Amino acid sequence: RILPIPLGVDQATFAPSAAISRAPQRIITTASADTPLKGLHILFEAFHLLLQELPEAELVVIGKLRKGRAKKVWETRGLKHRVTFKHDLSREDLADAFRAATVAVTPSLYEGFGLPAAEAMSCGTPVIVTTGGALPEVAGQAGIIVPKGDAAALAREMINLLQDPARQKAVGEACLHRARAEFNWERIAPKYLALFERAMAAPC
């Protein structure tokens, strides 16, 4: 028997802030590990395509670039001076980074949940995710979903969103509404508690 309960987000930390302005063309992603499963190499390919049309766009990666497939794409596509890497951020600094971004992207080929996407949504940041694993369940009808592994499709959606401030606002508001409804610990914690209580009360 399976009872799915989502993770929650600390919405006291990950929340919109009127004090922080969004950059006009900044994409943010998180990369805890440079493995093909995380799709960072796909995002780099998509960003390379995007720069042909939006040369002023920025890409911020939360994490370190390690030896692997993504690093090879980063080098061969001439992205060394076009991508900024940040790491060892506090939770508050991470929230600020999400708030300052135009769009948050999770390019993974598979995710068991996708907490960074939920955290970005909680900051009111529009998200683009792939069809990998549970990501469509996180984004729901609020975020933008692209086929996993498709750099061209990801580039198109990023370009379309970066060029459309009205859509950015609409998607961001939808993401925030979904995050507050679905990833709020005040609503999720009682579900865990009820599950534990039921399991403890069941006969051995």
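These numbers come from a predicted model, not from an experiment.
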**Report entry** Side-chain (S108) to main-chain (G132) donor-acceptor, under 3.5 angstrom
**Finding:** no

Query raised in the report: Atom CH2 in W185, atom OH in Y192: separation rounded to 0.5 Å?
Result: 5.0 Å

Query raised in the report: Once you round to the nearest 0.5 Å, how far does CD of E53 lie from CG of L162?
Result: 10.0 Å

Requested in this report: Using salt bridge (Lys or Arg N to Asp or Glu O under 4.0 Å) as the criterion, list what pairs up with E182, not counting sequence neighbours.
Outcome: none

Query - Non-hydrogen atoms of P126 and C175 that approach each other most closely - result: CA-SG, 4.2 Å

Query - T30 OG1 to L89 CG distance, which is reported to the nearest 0.5 Å - result: 11.0 Å

Query raised in the report: What are the two closest non-hydrogen atoms of L176 and G124, and how far apart are they?
Result: CB-CA, 3.9 Å

Report task. Would you indicate whether the side-chain heavy atoms of F44 and L65 approach each other to under 4.5 Å? Result -> yes

Query raised in the report: Which heavy atom in A97 sits nearest to a heavy atom in I62, and how many Å separate them?
Result: CB-CD1, 4.4 Å

Requested in this report: Mark yes or no for whether N160, through its side chain, and R156, through its backbone, hold a donor-acceptor pair below 3.5 Å.
Outcome: yes

Query raised in the report: Does some side-chain heavy atom of I28 sit less than 4.5 Å from a side-chain heavy atom of V103?
Result: no

Query - L51 side, atom CG; L79 side, atom CG - distance, nearest 0.5 Å - result: 6.5 Å

Requested in this report: May I ask you to decide if the ring planes of F98 and F14 are parallel, tilted or perpendicular, using 30° and 60° as cut-offs?
Outcome: tilted

Requested in this report: Could you list the residues that satisfy salt bridge (Lys or Arg N to Asp or Glu O under 4.0 Å) with R99, not counting sequence neighbours?
Outcome: D96

Query raised in the report: Taking the side chain as C-beta and beyond, is there a heavy-atom pair between T106 and V127 under 4.5 Å?
Result: no

Query - Listed once per pair and sorted, the salt bridge (Lys or Arg N to Asp or Glu O under 4.0 Å) pairs that draw on residues 186-204, sequence neighbours left out - result: none

Requested in this report: Would you mind listing every side-chain hydrogen bond (donor to acceptor under 3.5 Å, both in side chains) that reaches into residues 75-89, with sequence neighbours excluded?
Outcome: E45-R77

Query raised in the report: Hey, are the side chains of I27 and M158 touching, using non-hydrogen atoms and a 4.5 Å cut-off?
Result: yes

Report summary line: Across all chains, not counting sequence neighbours, the side-chain hydrogen bond (donor to acceptor under 3.5 Å, both in side chains) partners of R180 are none

Query raised in the report: Going by heavy atoms in the side chains, are V129 and I144 under 4.5 Å from each other?
Result: no

Query raised in the report: Are any non-hydrogen side-chain atoms of L40 and T29 less than 4.5 angstrom apart?
Result: yes

Query raised in the report: For S90, what residues pass the side-chain hydrogen bond (donor to acceptor under 3.5 Å, both in side chains) criterion, not counting sequence neighbours?
Result: D93

Query raised in the report: Does any non-hydrogen side-chain atom of T102 lie less than 4.5 Å from one of P24?
Result: no

Requested in this report: For C123 and A95, work out which heavy atoms get closest and say how close.
Outcome: SG-O, 3.9 Å

Query raised in the report: Are more than 12 heavy atoms from other residues, nucleotides or ligands located less than 6.0 Å from atom CD of Q141?
Result: no

Query raised in the report: After noting the C-alpha distance and the side-chain angles of F85 and W74, does the key distance pass the side-chain contact (heavy atoms from CB on, under 4.5 Å) rule?
Result: CA-CA 12 Å; F85 295 89; W74 174 73; 3.7 Å; yes

Query raised in the report: Quick one: hydrophobic cluster around L109, which other residues, with the 4.5 Å side-chain cut-off, linked directly or via members?
Result: L37, I42, Y110

Report task. Supply the atom-to-atom distance I159 CD1 to Q52 CD, rounded to the nearest 0.5 angstrom. Result -> 9.0 Å

Report task. Can you tell me which residue pairs pass the ring pair (Phe, Tyr, Trp, His ring centres under 6.0 Å) test with a partner in residues 164-183, sequence neighbours excluded? Result -> F113-F183

Query raised in the report: Among all residues two or more places apart in sequence or in another chain, which pass the salt bridge (Lys or Arg N to Asp or Glu O under 4.0 Å) test with D10?
Result: R91

Query raised in the report: Just wondering, more than 12 heavy atoms not from Q163 lying within 6.0 Å of its CD?
Result: yes

Query raised in the report: With sequence neighbours left out, what residues match R178 under side-chain hydrogen bond (donor to acceptor under 3.5 Å, both in side chains)?
Result: none

Report task. Please name all residues satisfying side-chain hydrogen bond (donor to acceptor under 3.5 Å, both in side chains) with E173, sequence neighbours left out, ordered by chain then number. Result -> K169

Query raised in the report: So how far is it from I128 CD1 to E157 CD, rounded to the nearest 0.5 Å?
Result: 6.0 Å

Report task. Show your working on side-chain contact (heavy atoms from CB on, under 4.5 Å) between L43 and V61 and close with a plain yes or no. Result -> CA-CA 10 Å; L43 178 55; V61 178; 5.7 Å; no

Report task. Could you list all the side-chain hydrogen bond (donor to acceptor under 3.5 Å, both in side chains) pairs where at least one residue sits in residues 115-132, not counting sequence neighbours? Result -> R22-T125

